[in-house]
Amino acid sequence: MRRALKNDFFERPTLAVARDLLGKYLVRRKGGKTEAFLITEVEAYDGWHDRASHAHRGETERNAPMFRSAGRWYIYLCYGMHWMLNVVTGPSGYPAAVLIRGVEGVNGPARVTKRLSINRTQNDKPAVLRSGLWVEDRGFIVSSRLIGRSPRIGVDYAGEWARKKYRFFLKNHELSLRGVTHRVTTKQ
DNA sequence: ACGATGATGAAC
DNA sequence: TTCATCATCGTA
């Protein structure tokens with residue numbers, strides 16, 4: 001089973017999308033080569049009131065993709081050198097997105113974009129095969145007991161929002177890191 | 001523990 | 001126009 005996720009997957013509440021992205025595959029096609037990576041760690045950024053979100057101070061040129069329809073990429077430069085990859089979620093007009101913080105064998109949001117050669121050229125583009133970057137369901141089921149939650153990384157300035165457990169990760173991430181076949185999932 | 005490195009947004 | 005800040009990482 002190999003099915004590219006459609007907009008209806010991303011149009012759901014942001015926390016649900018974040019949780020369900022674990023165990024899906026981030027797929028990159030570039031220069032005739034296609035690579036797929038198991039998604040192992042994500043963070044949700046949910047609405048205007050979320051003080052950790054770029055959308056907290058309203059719509060700007062940078063965060064405009066977050067306010068648009070779900071299933072598009074929101075990519076921006078952080079600390080002057082790192083690209084951050086997010087996928088827009090929720091209804092159109094509601095600013096929300098999920099940050100891809102880790103994939104199998106690649107730990108950390110800046111390393112993910114570096115490994116997959118992602119930069120602003122994909123920003124605001126739809127997550128479909130045609131754009132060269134999309135997400136696939138490959139039939140794995142990730143049960144709740146294999147998922148960990150924690151506060152988000154690097155958002156200590158966000159007050160009570162910094163403490164919300166909006167980060168989701170696969171508990172056996174370390175196994176994946178060492179290149180060992182992961183056992184977190186069960187074939188459908 | 002800290003410097004790299006530049007876009008962003010808010011203040012002036 | 002200036003300035004502080006920043007959804008991080010590599011080196012020490």
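The model shown is predicted, which means the values in this text are computed figures rather than measured ones. Letters A, B, ... mirror the listed sequences (proteins, then strands); counts begin at 1.
Listed by first and then second residue, the salt bridge (charged side-chain N to carboxylate O under 4.0 Å, His left out) pairs involving residues 79-88 of chain A amount to none (not counting sequence neighbours). Pairs engaging residues 111-123 of chain A under the salt bridge (charged side-chain N to carboxylate O under 4.0 Å, His left out) rule: A:E35-A:R115 [sequence neighbours left out]. For residues 62-82 of chain A, the salt bridge (charged side-chain N to carboxylate O under 4.0 Å, His left out) pairs, not counting sequence neighbours, are A:R68-A:D124, A:R72-A:D124.
Evaluation of the side chain to side chain donor-acceptor pair (under 3.5 Å) rule for A:Y166 yields no partner, not counting sequence neighbours. Considering only residues two or more places apart in sequence or on other chains, A:R163 meets the salt bridge (charged side-chain N to carboxylate O under 4.0 Å, His left out) condition with none of them. With sequence neighbours excluded, no residue forms a salt bridge (charged side-chain N to carboxylate O under 4.0 Å, His left out) with A:R29. Residues satisfying the ring-ring contact (aromatic ring centres under 6.0 Å, His included) criterion with A:W134, sequence neighbours excluded, are absent altogether. Residues satisfying the side chain to side chain donor-acceptor pair (under 3.5 Å) test with A:D50, not counting sequence neighbours, are A:R152.
Across all strands, A:A52 comes closer than 4.0 Å to base atoms (heavy-atom distances).
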Quick tally for nucleotides 4-12 of chain B: nucleotides whose base has a protein heavy atom under 4.0 Å get B, sugar-phosphate-only ones S, the rest -, giving BBBSSSS--

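Here the closest non-hydrogen pair linking A:A55 and A:G47 is CB-O, 4.4 Å.
Comparing A:M66 and A:K114 along DNA chain C, the residue whose closest nucleotide (by nearest heavy atom) sits nearer the 5' end is A:M66.
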Atom pairs and distances, side-chain donor-acceptor, residues 4-21 of chain A, under 3.5 Å, sequence neighbours left out:
from  : atom 1 : to     : atom 2 : distance (Å)
A:R12 : NE     : A:F9   : O      : 2.9
A:R12 : NH1    : A:D20  : OD2    : 2.8
A:R12 : NH2    : A:D20  : OD2    : 3.1
A:T14 : OG1    : A:D46  : OD1    : 3.4
A:T14 : OG1    : A:T89  : OG1    : 2.9
A:R19 : NH2    : A:V142 : O      : 2.9

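From the 5' end on, the contacts that DNA chain C makes with chain A at under 4.0 Å to a non-hydrogen atom open and close at C:dC6 to C:dG10.
Remark: DNA chain C takes part in the stems B:1-4 with C:8-11, B:6-11 with C:1-6, each of 3 or more antiparallel Watson-Crick or G-U pairs, criterion distances under 3.5 Å.
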